[in-house]
Q: 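Pasting in a structure now, in structure tokens, and then I'll have a few things to ask.
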Amino acid sequence: MRKLVWLASLATIGTGAATHANAQSLALSVDSEASTREATLLETEDFERAGAYAHAEPLSIEQAVELGRSRSFRIARSLRNQEAADLRERSARSAYYPRADLNINTSQAGRAYSYSNDLYRFDRPPYADFQGGARVYASVPLDVSGVIGRQVEHAELQQTMAGNDVLQAVIDTSLEIRLAYVEALRAQRAVEIDERIAMGLERLIARAPSSITPFLQVELANARQTLNGSRTNADLAVASLRQILRVGADAPLALTSRLDDRRPVFDRAGLLHAALANRPDVRQSQLRLEQARLSLAQVGDSRRPTVNLSAYYNAALYGEYFFEPDDGRSESGGVTIGLNIPLAQWDNGNLRRQRQQAALQVEQAEADSVELGERVAQELRQVQISLDRAEQRLRDLPDEQSAYQAMQRAERDLLAAAPGRAFAVLAQASNARSVWRSAQLAAIDAQTDYYSAAFRLMRTMGLEPETVRYAKMSEIPAPVAAGERFASLPGPGLA
């Protein structure tokens, strides 16, 4: 199986990314030895093709995030927009600096002259005429009305907003990759569980009495159907991850990160304040408000006084030919200060309408800022509810080991049962097997839900996972009551 095109890039970041992950930058740790021994290639359609896993390059969640960021169209677009905003800011600031122009003009002509009237006639034979000159002009504006300053401030706001767009693109892309990766892990684990169920039934059929073999074969057929469904879900999850990472449709992905017992911990008392301080879109709304207010002040800039300081120097040469400019020369120069004061202008109310439009934009920007604050508070409420439910599910998980031991006892009883009791014990073994499968699926579903909610909470707060503290589940306090949980979140209009 051919290797991925991006393996070279992974080789450069693999060591650092794995070390970063092991240092608890995420509550997903890399275990290469365990992954190569236990992980299942999600693309396999049958057990015989599972050996293809050996040809897949390991991909941790941090490596996936790094790879996805480097290939993201959205991040690349936001970076280009940021570069354009930097250029616009420098262009606006250049209006403060002096401007100098140097112009050179020459002309070589051949002329003839003839004049006549009733009294006389004058003819001048053809002759050569050359003129050449140079002009130097320098000027510097004096920003007495603050027009240039407001233009520079407007460009700086756009520059900062472009930087916030980059941060938001990075956070959103990282969240999308992490959610897809965790979902692929969940699908991978479900395939492993169903494969163990199917293989266990095959071994049981080989040892079971012939009287109950047909019933076990029906159960095996159902298990294989369930396995096919799990593989389909895994294929879809991996296809989604491939699309986000922009790797080949046939590229094998060996996911090496795993869900462990460490969970992100958040200071619930200050979630809203942290979100309002950290989120790029919240800062963006404040910048849009500043920009709207600045645009209102710029409406009348075309009617404000302007002052310009300039100096010039002109020199010219005359003669018949350019190589013999011997007819003379002229020079001139000077310094001028230009003052332009608009006194009166009639525009049929156009300036007044522009000012009204700018005032409406300020009002809308203020309303958008308040609305965003309320929406952030609502997002925090929703994500906290999901996080609390996931934490509770993790605390209430059934004991997988007990379920597995119960299934083993039931299978031993089935193999040792007398012919008259075999069918009764068969039902118990099937139920025990179903309970064991449900216990495992409940565990991975609860872990996936928790990590998904935690990643969404980080995004809602404008945080990256490496900035969050982690602890074991036994150290995390139980979810508080709804009244306590929402006490720090203001209602509508208070954000």
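On a predicted model such as this, the values are computed, not experimentally measured, just so you know. All heavy atoms count here, side chains included; hydrogens, waters and symmetry mates do not.
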Q: Going from CG on Leu241 to CG on Leu245, what distance comes out if it is rounded to the nearest 0.5 angstrom?
A: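 With rounding to 0.5 Å, CG (Leu241) is 4.5 Å from CG (Leu245).
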
Q: If I take atom CG from residue Leu157 and atom CG from residue Leu289, how far apart are they, to the nearest 0.5 angstrom?
A: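 If I round to the nearest 0.5 Å, the distance is 10.5 Å.
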
Q: Looking only at heavy atoms, which two atoms of Ala198 and Leu220 are closest? And how far apart?
A: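 That closest heavy-atom pairing would be O-CD1, 3.5 Å.
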
Q: Looking only at heavy atoms, what is the nearest atom pair of Ala184 and Ala237, with distance?
A: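 Distance-wise, the nearest heavy atoms are CA-CB, 3.9 Å.
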
Q: Do the non-hydrogen side-chain atoms of Arg196 and Gln440 ever get within less than 4.5 Å of each other?
A: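 A side-chain contact under 4.5 Å exists here.
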
Q: Counting N and O atoms only, with roles assigned by atom type, does the side chain of Arg304 sit under 3.5 Å from a partner on the main chain of Ser145, one being a donor and the other an acceptor?
A: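 No, Arg304 side chain to Ser145 backbone: no donor-acceptor pair under 3.5 Å.
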
Q: In sequence, state the C-alpha distance, the side-chain angles, and the governing distance for Glu192 and Arg189, and then conclude on side-chain contact (heavy atoms from CB on, under 4.5 Å).
A: CA-CA 5 Å; Glu192 293 174 357; Arg189 180 62 178 146; 3.3 Å; yes

Q: Go through the steps to decide whether Ser295 and Gln361 satisfy the test side-chain hydrogen bond (donor to acceptor under 3.5 Å, both in side chains), and finish with yes or no.
A: CA-CA 9 Å; Ser295 297; Gln361 291 175 352; 5.1 Å; no

Q: Can you find a pair of side-chain heavy atoms, one from Leu167 and one from Arg283, that are under 4.5 Å apart?
A: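 The answer is yes, as the side chains (C-beta and beyond) meet within the 4.5 Å cut-off.
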
Q: Where is the tightest heavy-atom contact between Val299 and Ala358, given as atom of each residue plus distance?
A: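 The pair with the smallest heavy-atom distance is CG2-CB, 3.8 Å.
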
Q: For Leu272 and Leu380, work out which heavy atoms get closest and say how close.
A: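 Between these two residues, the closest heavy atoms are CA-CD1, 3.5 Å.
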
Q: Between Arg433 and Glu219, is a salt bridge (charged side-chain N to carboxylate O under 4.0 Å, His left out) present by the stated rule, with each step listed?
A: CA-CA 11 Å; Arg433 190 175 301 106; Glu219 187 175 354; 2.4 Å; yes

Q: Taking Met461's backbone N and O only, do any of them form a donor-acceptor pair with Arg279's side chain (distance below 3.5 Å, no angle check)?
A: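 Side chain of Arg279 to backbone of Met461: no pair is present.
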
Q: Hey, could you give me each pair passing side-chain hydrogen bond (donor to acceptor under 3.5 Å, both in side chains) that has a residue in residues 347-359? Not counting sequence neighbours.
A: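 Checked against side-chain hydrogen bond (donor to acceptor under 3.5 Å, both in side chains) - neighbours excluded - the pairs reaching residues 347-359 are Arg303-Asp347.
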
Q: Do Ser257 side-chain atoms and Ser60 backbone N/O form a donor-acceptor pair below 3.5 Å?
A: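 Checking the backbone N and O of Ser60 against the side chain of Ser257, no donor-acceptor pair under 3.5 Å is found.
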
Q: Measure the spacing between CG of Asn222 and CD1 of Ile197 and express it to the nearest 0.5 Å.
A: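 One finds 12.5 Å between CG of Asn222 and CD1 of Ile197.
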
Q: Compare all side-chain heavy atoms of Ile193 with those of Ile444 and state whether any distance is below 4.5 angstrom.
A: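 A side-chain contact under 4.5 Å exists here.
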
Q: Can you tell me how far apart CG (Leu67) and CD1 (Ile177) are? Round to the nearest 0.5 Å.
A: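 Leu67 CG to Ile177 CD1: 7.5 Å, rounded to 0.5 Å.
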
Q: On a heavy-atom basis, which atom in Ala432 and which in Met407 lie closest, and how many Å separate them?
A: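 Residues Ala432 and Met407, closest heavy atoms: CB-CA, 3.6 Å.
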
Q: Rounded to the nearest 0.5 Å, what separates atom OG in Ser230 from atom CZ in Arg186?
A: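 One gets 8.0 Å once the value is rounded to the nearest 0.5 Å.
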
Q: Checking the side chain of Ser402 only, and the main-chain atoms of Asp399 only, is there a donor and an acceptor separated by less than 3.5 Å?
A: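 Judged by distance alone, no pair lies under 3.5 Å.
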
Q: Checking side-chain contact (heavy atoms from CB on, under 4.5 Å) for the pair Leu414/Gln428: CA distance, chi angles, key distance, verdict?
A: CA-CA 9 Å; Leu414 175 63; Gln428 295 176 2; over 6 Å; no

Q: Can you classify the ring geometry of Trp436 versus Tyr404 as parallel (below 30°), tilted (30 to 60°) or perpendicular (above 60°)?
A: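 Answer is tilted, since the angle falls between 30° and 60°.
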
Q: Go through it in stages, so that I can follow the logic: the residues are Arg258 and Gln188, the test is side-chain contact (heavy atoms from CB on, under 4.5 Å), and I'd like the CA-CA distance, side-chain angles, deciding distance and then a yes or no.
A: CA-CA 11 Å; Arg258 61 184 176 85; Gln188 172 180 306; over 6 Å; no

Q: Examine distances only and state if a side-chain atom of Asp449 and a backbone atom of Ala390 form a donor-acceptor pair shorter than 3.5 Å.
A: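 Not confirmed, Asp449 side chain does not pair with Ala390 backbone.
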
Q: Step by step, work out the salt bridge (charged side-chain N to carboxylate O under 4.0 Å, His left out) result for Arg224 and Glu202.
A: CA-CA 11 Å; Arg224 286 173 175 169; Glu202 289 176 349; 2.7 Å; yes

Q: Looking at Asn431, is its backbone amide N or carbonyl O close enough to the side chain of Ser434 to form a donor-acceptor pair, meaning the two atoms are under 3.5 Å apart?
A: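 No, the answer is negative, given that no donor and acceptor are paired below the 3.5 Å cut-off.
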
Q: Heavy atoms, side chains only, cut-off 4.5 Å: are Glu62 and Arg178 in contact?
A: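 A side-chain contact under 4.5 Å exists here.
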
Q: Can you pull out every side-chain hydrogen bond (donor to acceptor under 3.5 Å, both in side chains) where at least one residue sits in residues 74-85? Sequence neighbours excluded, please.
A: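 For residues 74-85: Arg74-Asp172.
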
Q: Let's go through Gln168 and Arg459 carefully: what are the C-alpha distance in whole Å and the side-chain angles of both, what is the deciding distance for side-chain contact (heavy atoms from CB on, under 4.5 Å) to 0.1 Å, and is it a yes or a no?
A: CA-CA 9 Å; Gln168 190 66 60; Arg459 190 268 178 198; 3.3 Å; yes

Q: Would you say that Ile244 contacts Tyr181 through its side chain, given a criterion of any heavy-atom pair below 4.5 Å between the two side chains?
A: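 Counting from C-beta outward, Ile244 and Tyr181 never come under 4.5 Å.
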
Q: Any sub-3.5 Å donor-acceptor pair from Asp281's side-chain atoms to Gln284's backbone N or O?
A: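 No, because the side chain of Asp281 does not come within donor-acceptor range (under 3.5 Å) of the backbone of Gln284.
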
Q: So how far is it from Gln151 CD to Leu294 CG, rounded to the nearest 0.5 Å?
A: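 One finds 10.0 Å between CD of Gln151 and CG of Leu294.
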
Q: Is Glu183 close to Ser240 at the side-chain level, that is, under 4.5 Å between some pair of heavy atoms?
A: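 No, their side chains stay 4.5 Å or more apart.
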
Q: What do you reckon, is CD of Gln405 surrounded by more than 12 foreign heavy atoms closer than 6.0 Å?
A: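 More than 12 heavy atoms, drawn from other residues, nucleotides or ligands, come within 6.0 Å of this atom.
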
Q: Any Lys/Arg nitrogen of Arg288 or Asp368 sitting under 4.0 Å from an Asp/Glu carboxylate oxygen of the other?
A: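 Salt bridge flag = no for Asp368 with Arg288.
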
Q: Which pair of non-hydrogen atoms, one from Ala208 and one from Leu216, has the smallest distance, and what is that distance?
A: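 In this case the closest contact between Ala208 and Leu216 is CB-CD1, 3.5 Å.
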
Q: Determine whether Tyr450 and Arg393 make a side-chain contact, defined as any pair of heavy atoms from C-beta on separated by less than 4.5 Å.
A: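 No; the side chains remain at least 4.5 Å from each other.
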
Q: Are Arg437 and Asp194 close enough, and set up right, to give a salt bridge (charged side-chain N to carboxylate O under 4.0 Å, His left out), and what steps lead you there?
A: CA-CA 8 Å; Arg437 178 180 184 273; Asp194 289 336; 2.6 Å; yes

Q: Name the residue from Gln159, Glu156, Gln158 that meets the side-chain contact (heavy atoms from CB on, under 4.5 Å) definition with Arg88.
A: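 Among Gln159, Glu156, Gln158, the one that satisfies the side-chain contact (heavy atoms from CB on, under 4.5 Å) with Arg88 is Gln158.
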
Q: For Arg375, does the CZ atom have more than 12 heavy-atom neighbours from other residues, nucleotides or ligands under 6.0 Å away?
A: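 Atom CZ in Arg375 is packed in, count exceeds 12.
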
Q: If you count heavy atoms of other groups shown closer than 6.0 angstrom to CD of Gln378, is the number above 12?
A: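 Yes, enclosed.
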
Q: Side-chain contact test, heavy atoms from C-beta onward, threshold under 4.5 Å: evaluate it for Glu195 versus Arg231 and give yes or no.
A: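 A side-chain contact under 4.5 Å exists here.
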
Q: Between Arg203 and Glu411, is a salt bridge (charged side-chain N to carboxylate O under 4.0 Å, His left out) present by the stated rule, with each step listed?
A: CA-CA 11 Å; Arg203 290 193 296 267; Glu411 290 182 350; over 6 Å; no

